[in-house]
S.K.: 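Provided herewith is a single structure, encoded as structure tokens, for subsequent inquiry.
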Amino acid sequence: MAEKIIAYRFDQVDQTLSQLNKEDCTIIAGGTDVMVLYKSRRGVPPKITKPIVFIDHLNELKQVYKKGKDLHIGACCTYSDLLNDPLIPTPLKNAIKTIAAPAIRNRGTLGGNICNASPAGDTLPLLYVYNAKLVLRSVSGVRIVAISDFIQGVRRVDRKSNEILAEIILPSELEEGAYAVFEKVGNRNADAIAKVGFAGYIRTNGEVIKDIRFAFGAVGPTMVRSVDIEKKLIGKTIPLAGADIAQVLSAFDKIIKPIDDQRSTARYRKTVALNLLRYFLSRKQYQHN
Amino acid sequence: MITFTLNGRKVETDAPPSARLLDVIRDEYLLIGTKEGCGEGECGACSIFVNNLLQNSCLIPIGSIEGAEIVTIEGIMESDQFKILDESYSEAGGVQCGYCIPGMVMASAALLAQNPHPSEAEIREGISGNLCRCTGYNMIVDAINLAAKKGDGLWQKK
């Protein structure tokens, strides 16, 4: 007889947090990653060694609301919840539409995509260019961290064992003159894990670039973003000069270090990543969204 | 003990909390219409409804569905909607080996309940999480199209 699997499913976030403060647990929201990670053979329950804490039923973690200039998104909102919510920005909806297929979108959560910290996490490039902040809750209170600090490596995040990711904070509306876009390259439209993901953000005043950001997914252990390279473009005018574009491409050429794996090759990934960036930078105008 | 509704009936299981809903419905309740294909959420053969939403039962730990309403392919077989789908899949030649079909029918029913008059692109999106290695999908798309027409007015009914 296998060892007994312990699981908790509390009615309140507070009870959940006190349990997490007592013991280290595996947190399951949608479970679409965890159940695959610990999969056993047919008929045998996944081997999850730590006690399980289910959180996907907690309404407190499924709220979407505006507070000042911020949009707070409950970590346990499923992708389908977000697609149906009028407050969610269109570029994020477009990114979500590229994730998996309807059945998984009815189950997988935004918080889960972040905490799973896959190098190919579909929502991550866009969350990076939005400068998303994460609200972590524990018995000791609330801690807010930038997503780029939270995600530290492949499946490695700065979550203490007594914390849960409760909310994701995005700007509620893009500033005047801002444009954001997400692109995903995969083997097929549905259920594909990205070979390359790209998110771009630009804010212009007339033709002058006021702010510009890029993030690449699936081309390194975490999302690749460089604030230093971005800064060099601020103050330039669009359309950008060929020399400026070439300079940015060559800077990213040095820091994008993809690998070969079953989904793609390093060479293909780098070529496509740089092509997506070139395409984004070569546009003559950016429609505010 | 985990309590939930399975095809309209209240049931209780003492399966371990991480057990897959797929295994529980097949092994404990002997509802074997729901199939296992990939076991990783990529093929849709195990599609069921959880609180009326299409989901992959291979990815659902039983401990998370306390109080939920689960409906499997067996649970919709008496409905008028199923009869229309059944006829349409037969007429369009949408079934060959049949292994993907319970999942495909669940996805079709979920799509039509949400969108009774889908375009071809919407049909393809609706079944995008369901793999069929026989038909090449065209006959399945035809079947869903046919079901939308034949069952006009029926789909939005609960």
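Letters go in sequence order (proteins before strands), and every chain restarts at 1.
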S.K.: What part of A:Ile28 lies closer than 4.5 angstrom to a heavy atom of chain B: side chain, backbone, both or neither?
M.R.: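 The side chain, not the backbone.
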S.K.: According to ring-ring contact (aromatic ring centres under 6.0 Å, His included), who are the partners of A:Tyr65, at least two apart in sequence or on a separate chain?
M.R.: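 For A:Tyr65 the ring-ring contact (aromatic ring centres under 6.0 Å, His included) partners, ignoring immediate neighbours, are A:His72.
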S.K.: Under the salt bridge (Lys or Arg N to Asp or Glu O under 4.0 Å) rule, collect the residues that match up with A:Glu23, sequence neighbours excluded.
M.R.: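 Listed in chain order: nothing, the list is empty.
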S.K.: What donor-acceptor contacts under 3.5 Å connect chain A and chain B, backbone and side chains included?
M.R.:
residue: A:Arg42; atom: NH1; partner: B:Asp23; partner atom: OD1; Å: 3.4
residue: A:Arg42; atom: NH2; partner: B:Asp27; partner atom: OD1; Å: 3.0
residue: A:Arg42; atom: NH2; partner: B:Asp27; partner atom: OD2; Å: 3.4
residue: A:Gly43; atom: N; partner: B:Asp23; partner atom: OD1; Å: 3.3
residue: A:Gly43; atom: N; partner: B:Asp23; partner atom: OD2; Å: 3.3
residue: A:Pro46; atom: O; partner: B:Ser18; partner atom: OG; Å: 3.1
residue: A:Arg105; atom: NH2; partner: B:Glu125; partner atom: OE2; Å: 2.5
residue: A:Asn106; atom: O; partner: B:Gln55; partner atom: NE2; Å: 3.1
residue: A:Asn106; atom: ND2; partner: B:Leu54; partner atom: O; Å: 2.8
residue: A:Arg107; atom: NH1; partner: B:Gln55; partner atom: OE1; Å: 2.7
residue: A:Arg107; atom: NH2; partner: B:Ser64; partner atom: OG; Å: 3.1

S.K.: Sort A:Ile48 into side chain, backbone, both or neither according to what part of it lies under 4.5 angstrom from a heavy atom of chain B.
M.R.: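 Side chain only.
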S.K.: Show the nearest heavy-atom pair for residues B:Pro61 and A:Phe54, with the distance to one decimal.
M.R.: CG-CE2, 3.5 Å
S.K.: Is A:Val44 in contact with chain B via its backbone, its side chain, both, or neither, using a 4.5 Å heavy-atom distance?
M.R.: backbone
S.K.: Between chain A and each of B:Ile62, B:Leu53, B:Leu131, B:Ile60, count heavy-atom pairs under 4.5 Å; write down the option with the most.
M.R.: B:Ile60
S.K.: So what's closer than 4.5 Å to chain A heavy atoms on B:Cys38: side chain, backbone, both or neither?
M.R.: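 Answer is backbone: N, CA, C or O of B:Cys38 sit under 4.5 Å from chain A.
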S.K.: Could you look at B:Leu22 and say if it's the side chain, the backbone, both or neither that has a heavy atom under 4.5 Å from chain A?
M.R.: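 Answer is neither: B:Leu22 stays 4.5 Å or more from chain A.
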S.K.: What's the shortest heavy-atom distance between A:Pro102 and B:Gly126, and which atoms?
M.R.: CG-O, 4.0 Å
S.K.: Quick check on A:Leu37: does its CG atom have over 12 non-hydrogen neighbours (other residues, nucleotides or ligands) under 6.0 Å away?
M.R.: yes
S.K.: So, using ring-ring contact (aromatic ring centres under 6.0 Å, His included) as the criterion, who are the partners of A:Phe198 when residues are at least two apart?
M.R.: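 A:Phe198 satisfies ring-ring contact (aromatic ring centres under 6.0 Å, His included) with A:Phe216, A:Phe280 once adjacent residues are dropped.
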